Amino acid sequence: MSKEWPLWEVFIRGQHGMSHRHVGSLHAADAEMALKNARDVYTRRNEGVSMWVVESSNITASAPSDKGPLYEPSNSKIYRHPTFFDIPDEVGAM
Amino acid sequence: MEVTDALQQFATRMGDNTLILGHRVSEWCGHAPVLEEDIALANTALDLIGQTQFWLGLAAEIQDEGKSADDIAFLRDVWDFRNLLLLELPNDDFGRTLMRQFLFDAWQSIHLPRLALSSDPRVAAIAEKASKEVAYHVERSADTVVGLGDGSAESHKRMQAALDYLWPYVGEIFDTDEVDDVLSEAGIVTHPSSLKGEYYALIERVLTKATLSIPEDPFAHKGGRSGFRHTEHLGHILVEMQWLQRAYPGSKW
Amino acid sequence: MYAQMVKSTGNLKTRDEMSPEEAHFQDRIDAGEKIEPKDWMPEGYRKTLIRQIGQHAHSEIVGQLPEGNWITRAPTLERKAILLAKVQDEAGHGLYLYCAAETLGVSRDELTEDLLSGRMKYSSIFNYPTLNWADIGAVGWLVDGAAIMNQVPLQRTSFGPYSRAMIRICKEESFHQRQGYDIMMKMAQGSEAQKRMAQDALNRVWYPALMMFGPSDKDSVHSGQSMAWKIKINTNDELRQKFVDQTVPQAEFLGLTVPDENLKWNEEKGGYDFSEPDWNEFFEVVRGNGPCNTDRINARIKAWEDGAWVRDGLMAHAQKKSSQVAAE
């Protein structure tokens with residue numbers, strides 16, 4: 001038997017209050033080992049306070065060709081951005 | 001025996017253990033079975049070298065002859081070393097290396113949290129820091145021993161062979177002497193013999209989970225902790241480790 | 001460089017020769033956009049990147065060996081820890097790079113097999129021996145120094161995963177060159193024997209370090225396409241010149257002599273004139289005839305073969321566990 005260890009994606013919360021961020025990948029036989037390997041590989045310089053690992057094959061990704069349909073519609077909804085509204089300076093911070 | 005002499009002996013034993021094991025583990029750098037393990041083993045070795053600097057630094061401080069941790073590490077001969085024989089044995093295969101690591105990590109994981117309560121603040125501070133590192137080491141080495149023991153037929157066979165080979169060297173952990181008596185009476189250390197039951201329970205639990213059989217022969221090799229009789233292997237470690245310091249004495253590196 | 005003489009697949013095409021997809025792809029690169037693994041890409045781009053990232057990763061892994069050679073002989077506990085941390089970083093960098101290559105549809109095991117069978121190369125520099133403690137200084141100072149020259153611009157490379165790996169690597173490597181120079185300073189200011197070690201190391205490492213940038217631009221036929229794709233950012237000669245200009249004053253500060261009688265400041269070009277390394281030697285090393293080629297590859301083969309039962313055993317355990325969970 002010579003099956004390669006599966007690939008895992010590693011997400012680390014760098015500081016309290018921040019989101020987990022993708023930092024890279026690694027190989028491990030199972031989830032527990034992936035977590036330990038993530039600790040050894042990706043936190044050699046005090047980078048994290050919390051880690052997630054997920055087997056790469058479990059990630060569902062959008063296709064690049066969907067980029068238009070997925071994201072462009074929101075471009076036209078400019079009223080979602082605060083700068084869309086003109087508020088006179090006299091009103092103060094808002 | 002004076003408490004200070006006993007404490008110097010004790011710090012030397014602790015530092016020699018981590019120095020010699022750190023040396024052995026560092027031999028794997030660049031040669032491990034998979035990159036993730038290579039990196040993890042280096043982390044363990046780095047922690048051990050760090051612990052060595054503290055323990056041998058304390059030994060040097062108590063000795064009070066103006067020596068440094070480096071002087072102690074690099075300028076003593078075999079008979080002055082006080083590490084467990086277990087730790088100077090050659091690495092052999094990855095299985096034996098990890099089995100040895102587990103057997104020592106298990107001891108450290110029980111011993112160091114007790115030392116963190118020491119009445120001597122220097123001992124307590126070093127143990128406090130080291131016990132956090134060791135809590136991770138033992139988790140990792142125990143998982144690997146279980147994974148390989150309860151893995152394929154070949155990995156099981158190799159782990160059993162590793163355990164059989166190393167077992168006669170485990171008992172030395174509890175080969176106590178006056179140093180332990182004096183220091184435990186002074187509240188500086190917990191006497192190792194009082195931790196024996198806890199230690200064997202821990203390793204039995206892990207080794208059982210790893211589907212491995214603990215050898216029945218209780219015989220234990222001795223002589224490292226006391227310095228009376230090391231194995232032939234230690235001399236070769238020192239030849240390598242101390243070569244630059246010996247060949248070019250007094251140099252700044 | 002860590003990736004030397006990477007053959008790029010496909011000749012540089014003119015705009016007229018490109019298909020609409022290729023033209024669109026080139027526009028994206030020209031606009032500074034990053035190409036991500038699932039994006040359309042020319043087959044040549046993918047193949048060239050696999051070769052380059054793979055070679056770069058192999059160099060990190062084989063590069064552990066010459067420095068690892070001194071871990072158990074480091075002269076102080078602190079030097080031992082620093083060196084071990086540095087060599088460990090190289091394993092980490094190899095790991096990041098293999099992962100970047102894997103996004104292109106090749107597995108780490110496949111790349112490893114290609115290294116061990118000799119189908120893929122690693123940097124020529126790691127086929128030279130480390131013979132005295134100052135070599136560890138010289139490797140950090142010169143070899144990492146040369147590598148940084150190339151890796152810093154590669155942070156801007158067009159392929160997203162490669163660029164991100166390089167950003168992480170550059171951040172971590174910032175201490176590597178400095179620790180090497182720090183060793184050289186101690187040696188150069190030390191005893192007569194230490195000075196001799198330092199000079200001896202410089203004498204042996206200088207030309208192999210210059211070779212790291214690859215053959216002269218006039219003999220390097222493959223770089224046009226790679227530069228258009230932003231897989232290669234600077235030419236070999238540009239980087240080599242920059243390296244020499246930066247390194248010579250550092251050698252002078254140490255009081256060491258660069259082993260090149262023709263080395264001379266050229267006011268007109270604003271850089272040093274220097275001797276080319278022996279390119280015949282370089283091509284012999286690449287062919288497998290360097291002083292350490294056989295030992296290096298044998299060490300990697302041994303690690304791989306001796307480790308097979310460990311990888312298989314842990315995988316077997318993971319499978320047992322997951323089938324137990326499934327049965328419950």
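In the text below, chain A, chain B and the rest are named by the order of the sequence lines, each starting its count at 1. The structure displayed is predicted, hence computed values, not measured ones.
Between atom CD of residue B:Glu240 and atom OG1 of residue C:Thr72 there is a gap of 3.5 Å, rounded to the nearest 0.5 Å. Atom CG of B:Asp38 is separated from atom CD1 of C:Ile61 by 7.5 Å, given to the nearest 0.5 angstrom. Rounding to the nearest 0.5 Å places CG of C:Leu314 at 6.5 Å from OG1 of B:Thr144. Residue C:Arg311 holds its CZ atom at 12.0 Å from CG of B:Leu148, rounded to the nearest 0.5 Å. If you take NE2 on C:His317 and OG on B:Ser155, they are separated by 9.5 Å, rounding to the nearest 0.5 Å. Rounding to the nearest 0.5 angstrom, the gap separating the NZ atom in B:Lys252 from the CD atom in C:Gln189 is 12.0 Å.
Side chain of B:Gln245 to backbone of C:Pro75: a donor-acceptor contact under 3.5 angstrom is found. Remark: the backbone N or O of B:Gly30 is paired with a side-chain donor or acceptor of C:Arg300 at under 3.5 angstrom. Side-chain atoms of C:Lys320 come within 3.5 Å of backbone N or O of B:Gly151 as a donor-acceptor pair.
With a 6.0 Å radius and a threshold of 12 heavy atoms from other residues, nucleotides or ligands, B:Phe54 has its CZ atom at or below the threshold. Annotation for B:Arg246: atom CZ counts as buried by contact number, over 12 foreign heavy atoms lying within 6.0 Å.
Heavy atoms closer than 4.5 Å to chain C are found nowhere in B:Val239, neither backbone nor side chain. In this structure, chain B has heavy atoms under 4.5 Å from both the backbone and the side chain of C:Glu78. For B:Ala32, the part lying under 4.5 angstrom from a heavy atom of chain C is the backbone only. B:Trp243 touches chain C through its side chain: at least one heavy atom from C-beta onward sits under 4.5 Å away, while N, CA, C and O do not. With a 4.5 Å cut-off on non-hydrogen atoms, C:Gln88 touches chain B through its backbone and its side chain both. Neither the backbone nor the side chain of B:Arg24 comes within less than 4.5 Å of any heavy atom in chain C. With a threshold of 4.5 angstrom between heavy atoms, B:Ile237 does not approach chain C through any atom at all.
The candidate from C:Val62, C:Ile71, C:Leu95 with the greatest count of non-hydrogen atom pairs under 4.5 Å with chain B is C:Leu95. In terms of heavy-atom pairs under 4.5 Å with chain C, the best-connected choice from B:Met159, B:Gln242, B:Arg158, B:His23 is B:Arg158. Considering only heavy-atom pairs separated by less than 4.5 Å from chain B, the leading option among C:Ala318, C:Gly63, C:Ala303, C:Gly68 is C:Ala303. With respect to chain C, the highest number of heavy-atom pairs below 4.5 Å among B:Asp93, B:Leu35, B:Ile49 belongs to B:Leu35. For the set C:Met197, C:Lys321, C:Glu305, the count of heavy-atom pairs under 4.5 angstrom toward chain B peaks at C:Met197. Considering only heavy-atom pairs separated by less than 4.5 Å from chain C, the leading option among B:Leu41, B:Asn43, B:Asp143 is B:Asn43.
For C:Arg73 and B:Glu27, the salt-bridge test fails: no basic side-chain N is under 4.0 Å from an acidic carboxylate O.
Minimum interatomic distance between B:Cys29 and C:Val87 (heavy atoms only, all atoms of both residues): SG-CG1, 3.4 Å. Contact detail for C:Ser191 and B:Ser251: the closest heavy-atom pair is OG-OG, 4.2 Å. Looking at every heavy atom in both residues, C:Leu84 comes nearest to B:Ser26 through CD2-CB, 4.2 Å.
Partners of C:Arg204 by salt bridge (Lys or Arg N to Asp or Glu O under 4.0 Å), not counting sequence neighbours, listed by chain and number: C:Asp135, C:Asp200.
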Please step through side chain to side chain contact (heavy atoms under 4.5 Å, CB included) for the pair C:Gln64 and B:His31, ending with a clear verdict.
CA-CA 9 Å; C:Gln64 286 185 271; B:His31 305 278; over 6 Å; no
How far apart are the C-alpha atoms of C:Met187 and B:Trp253, what are their side-chain angles, what is the distance that settles it, and do they pass the side chain to side chain contact (heavy atoms under 4.5 Å, CB included) test?
CA-CA 7 Å; C:Met187 302 297 281; B:Trp253 302 97; 4.0 Å; yes
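Between C:Leu77 and B:Leu19, the closest side-chain pair of non-hydrogen atoms falls below 4.5 Å. Side-chain contact between C:Arg108 and B:Val34 is present, with at least one heavy-atom pair separated by less than 4.5 Å. Counting heavy atoms from C-beta on, the side chains of C:Trp309 and B:Glu154 come closer than 4.5 Å.
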Can I get a per-line list of side-chain donor-acceptor pairs under 3.5 Å for residues 205-215 of chain B, giving both atom names and the distance, sequence neighbours left out?
unit_1   : atom_1 : unit_2   : atom_2 : d
B:Thr208 : OG1    : B:Glu204 : O      : 2.6
B:Thr211 : OG1    : B:Gly149 : O      : 3.3
B:Thr211 : OG1    : B:His156 : ND1    : 3.2

